[in-house]
Amino acid sequence: MNFKVGEIMSTKQYQIVFDWWDALLEISDSQETKEAIEKQLRSFSDGQKLLDEENGDVIQAYLKQMSTQLITASIDCTLSGVVKLFQNKDDFLSLDGSMGVKLLSIDNWVFHLTDFEFEEV
C-alpha cells in the first residue's frame, strides 16, 4: 500500500509511554491501513490474544504489540535507525508512512559509564 502524493488522508497520533521512555506514532484512519495492521497482528501467535484483549480494536492491539518492539529497537537505534530497521523486518509494517503508519519520535537509551555502579560481591 502506498499513498499518492497530495492524497488527503485522516490520521491520528498515538503516544506510547513507559516510565520515562515514549514514542509517537501517526496512523492513518483508512480501512486499508487497519487491514494491514490486522494482518500484521494475525501473523504472530499472540495476535488473536491481543485483539481479544482489546475487544477487536486493531489499533490498540497494534500499539500493545509495537510497544515492546519499539522500546527494544530504541536501545540500539535513533529514530531514523528504528524506521530503517522496520523497513526490513519480516511481518511488520514499515514505519516510514508508506503503509499508513509513521514513527514520528522515539526516545533512545543512552548509557554513560558514570551511570553504572560496581561493587565486589
Practice problem: Decide yes or no on side-chain contact (heavy atoms from CB on, under 4.5 Å) for Lys102 and Leu95, but give the supporting numbers first. | Solution: CA-CA 5 Å; Lys102 185 173 186 176; Leu95 299 178; over 6 Å; no
Practice problem: Starting from the C-alpha separation in whole Å, work towards a yes-or-no answer on side-chain contact (heavy atoms from CB on, under 4.5 Å) for Val58 and Leu51. | Solution: CA-CA 6 Å; Val58 295; Leu51 284 165; 3.6 Å; yes
Quiz item: Would Tyr62 and Tyr14 satisfy ring-ring contact (aromatic ring centres under 6.0 Å, His included), going step by step from the backbone distance to the final call?
Solution: CA-CA 11 Å; Tyr62 173 75; Tyr14 299 88; 9.1 Å; no
Practice problem: Start with the C-alpha gap between Leu85 and Asp76, add the side-chain angles, then the distance that decides, and say whether side-chain contact (heavy atoms from CB on, under 4.5 Å) holds. | Solution: CA-CA 10 Å; Leu85 177 69; Asp76 294 324; over 6 Å; no
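Here the OG atom belonging to Ser43 is positioned 11.5 Å from the CD atom belonging to Glu38, to the nearest 0.5 angstrom. A distance of 11.5 Å separates NZ in Lys84 from CG in Leu79, rounded to the nearest 0.5 Å. Distance check, rounded to the nearest 0.5 Å: CD1 of Ile106 to OG of Ser74 gives 4.5 Å.
Counting only distance, with no hydrogens or angles, the side chain of Gln15 and the backbone of Leu24 share no donor-acceptor pair below 3.5 Å. Without hydrogens or angle criteria, Asp57 side chain to Gln60 main chain gives a donor-acceptor distance under 3.5 Å. With hydrogens and angles disregarded, no donor-acceptor distance shorter than 3.5 Å links the side chain of Thr33 to the backbone of Asp29. Within the 3.5 Å criterion, the main-chain N or O of Asp22 finds a donor-acceptor partner in the side chain of Asp107.
Around CZ of Phe18, the count of heavy atoms belonging to other residues, nucleotides or ligands within 6.0 Å does not exceed 12. Taking a 6.0 Å sphere around NZ of Lys89, one finds it holds more than 12 heavy atoms contributed by other residues, nucleotides or ligands.
Side-chain contact between Ile71 and Ile16 is absent, with no heavy-atom pair separated by less than 4.5 Å. Within the 4.5 Å cutoff, no side-chain heavy atoms of Lys12 are placed close to those of Ile27. Looking at Phe86 and Leu103, their side chains never come closer than 4.5 Å, going by heavy atoms from C-beta outward. Side-chain contact between Leu50 and Leu41 is present, with at least one heavy-atom pair separated by less than 4.5 Å. Counting only heavy atoms from C-beta outward, the side chains of Glu32 and Met99 never approach each other to under 4.5 Å.
Linking Ile, Leu, Val, Met, Phe, Trp and Tyr residues whenever their side-chain heavy atoms come within less than 4.5 Å places Phe92 and Val83 in a single cluster.
A donor and an acceptor atom, one from each side chain of Gln87 and Asp96, are located under 3.5 Å apart.
We find that Glu35 and Lys39 are not joined by a salt bridge, their nearest charged nitrogen and carboxylate oxygen being 4.0 Å or further apart. For Glu53 and Lys64, the salt-bridge test passes: some basic side-chain N is under 4.0 Å from an acidic carboxylate O.
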Without placing hydrogens or testing angles, list every side-chain donor-acceptor pair under 3.5 Å for residues 114-121, not counting sequence neighbours.
| residue | atom | partner | partner atom | Å |
| --- | --- | --- | --- | --- |
| Asp115 | OD2 | His112 | N | 3.0 |

